[in-house]
Amino acid sequence: MNKIISQQSINSSSLLDFTFSNLKYSVKSSKGVKEIIKGVDGICPNSQVTAILGSSGAGKTSLLNILTKRIQNSGKQMLEGRVQVNGKEYTADQFSNFANYVMQNDILMETMTVRECLEFAACLKVKGTQQKRDDVVNEVIKLLMLEKCQNTLIGGHFVKGISGGERKRTSIGYELVCDPHAIFLDEPTSGLDSFTAYIVINRLRKFAHEKNRTVVLTIHQPSSDIWQMLDRIMLMVNGRFIYQGPGNTEISNYFNNLGFVCPNLCNPADYYMSIMHQENEQNIRNAPIYFQSYDSMILKKVEYEIENSNKHQVQLNVSYTSIFLQFYYIVKRTVQIQLRSPILFKAKLGQVLSLSVFLGLIYLQLPDGKNDPHNINDVRNKNGFLFFLASGAFMEAMNPCALTIPLERQVFLREENSKLYKIIPYFFGKLFVDLVSDFIIPIIFSSIGIFKIFNSILINSYKINSLLDGWVERKFRSIFILYFGFNYATVQWNCCWIF
Ligand SMILES: Nc1ncnc2c1ncn2[C@@H]1O[C@H](COP(=O)(O)OP(=O)(O)O)[C@@H](O)[C@H]1O
Ligand SMILES: [Mg+2]
């Protein structure tokens, strides 16, 4: 009853029906062309949970990647057919305006707490007052039962953090905070215990039914409790469907009529998985029956549903906060991450100290040039020293960047895809924090005792380089060389991985 009332009052343009017709996907490899999706039609209706089931390698993730526009036509990937939302084709960019995708692996910042993660997304995505943002975050925490771990770090390789199930729920919460009109999830229950898996699907169902959102997920081993919560089921075998339609009684009636009766006390999901598995000879022999029955008994119905799907123009949900706020929140988060990862700063400091000792010892015997400033050997040695200093500084700045890039790149791609922020504020926000921290290291470097050795060399080196002569204070120049080396490296490395 509730559902009917809310359905009437909701704007039809925010009800999304995803449809696909004659969808084919194949990839070229050295062994030839492999057909992964073999001409399928389907509909994922609004206000329902649609589950794509199939054994491993059936093509579930590929289908989801096509619907979420992660797969495009290219030299090695051939994609044919129509993928539409409310009767209109869409691009990857448009997709992220109305829908979100939770991939199988959870990509989160490991040094943030669950609440901080959700607050970051809320700050960038929820319009209105701070109170409203807090309410949204609290609502999501409550919905996904994250209260107990809300102030625990996500954790990862170096930091102990929340459990796998909590991590998965945080990933889902991260997208739910943005309140998308549709959410796609690849294996949201894999690796979870049965109760946590139940909670995840139950909450997604609530999200679909109460907010009239479209939920599409892949799943390969649902428990019987979960099975009963799936509104629409797509069974996939070798890139083709063998069933598509409502779950529960409708699916069991269909397979009963075909002669595949689920035994009493057996989880229907397990039973259908067992008859789909293509490792089994009997199943391989049965496959033509599945496909022929699907074509003759279900396909027409699906085509009719596609024809009668919601055709209202999609209401785009593009809402960026201002560029300055994006910059501010990125700076705030980057500072927080750096403060919580002192290991990076320690590594930088350790490297600088060891390098300075190493260089100091090599050039310890250099004459100060007072007696013979034009001695060509001294001039060469001093040039060599300056070169080492600048290139060493470059390497110092590069190492921490190279360490953090693999994790942060994934987080950045995910967040940029969810339209949390644009590239430019992210780039300058991160660069700003990196440059400040890279200012500290040369200061420390220049103020330590060892620097006295270098200093005498640098003070005199101006005499051998007329280009620099006069325009930089002597002492300042030594710091400048270090600072420039660090910052040049930081800018360059940030540029490299972002663009
Ligand atoms: N880009 C690709 N290149 C080659 N083979 C691929 C590619 N993507 C998927 N496949 C193959 O297609 C099949 C289906 O993959 P996938 O959609 O990931 O299956 P599922 O998610 O159902 O386990 C698998 O055999 C997989 O190895
Ligand atoms: Mg998969």
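Remember, it's 1-based here, ligands and their atoms both numbered in the order they're listed. If you're wondering where the values come from, they're calculated on a predicted model, not measured in any experiment. Computed over heavy atoms, backbone and side chain alike; hydrogens, waters and symmetry mates excluded.
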Do [X] and [Y] pair up side chain to side chain, a donor and an acceptor below 3.5 Å, judged on atom types alone?
X      : Y      : result
His209 : Asp231 : yes
Gln130 : Arg133 : yes
Asp106 : Ser171 : yes
Ser47  : Asn212 : yes
Lys60  : Ser62  : no
Tyr426 : Gln326 : no

Scan residues 31-58 for pairs that pass salt bridge (Lys or Arg N to Asp or Glu O under 4.0 Å), counting only residues two or more places apart or in two chains.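 Listed once each, the pairs would be none.
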Check each N or O atom of ligand 1 against all protein N or O atoms and list the pairs under 3.5 Å, with atom names and distances to 0.1 Å, one per line.
unit_1	atom_1	unit_2	atom_2	d
ligand 1	17 (O)	Ser62	N	2.9
ligand 1	17 (O)	Ser62	OG	2.6
ligand 1	19 (O)	Gly59	N	3.4
ligand 1	21 (O)	Thr61	N	3.0
ligand 1	21 (O)	Thr61	OG1	2.6
ligand 1	22 (O)	Ala58	N	3.2
ligand 1	22 (O)	Gly59	N	2.9
ligand 1	22 (O)	Lys60	N	2.9
ligand 1	22 (O)	Lys60	NZ	3.0
ligand 1	23 (O)	Gly57	N	2.7
ligand 1	25 (O)	Lys34	NZ	2.9

Closer than 2.8 Å to the Mg ion (ligand 2), how many protein N/O/S atoms do you count?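 Counting protein N, O and S atoms closer than 2.8 Å to the Mg ion (ligand 2) gives 1.
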Just verifying a value: how many Å separate Leu108 CG and Phe120 CZ, rounded to the nearest 0.5 Å?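 Separation between the atoms: 12.0 Å.
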Could you pull out all residues at least two apart from Tyr243 that satisfy side-chain hydrogen bond (donor to acceptor under 3.5 Å, both in side chains)?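 With sequence neighbours excluded, Tyr243 shows a side-chain hydrogen bond (donor to acceptor under 3.5 Å, both in side chains) to no residue whatsoever.
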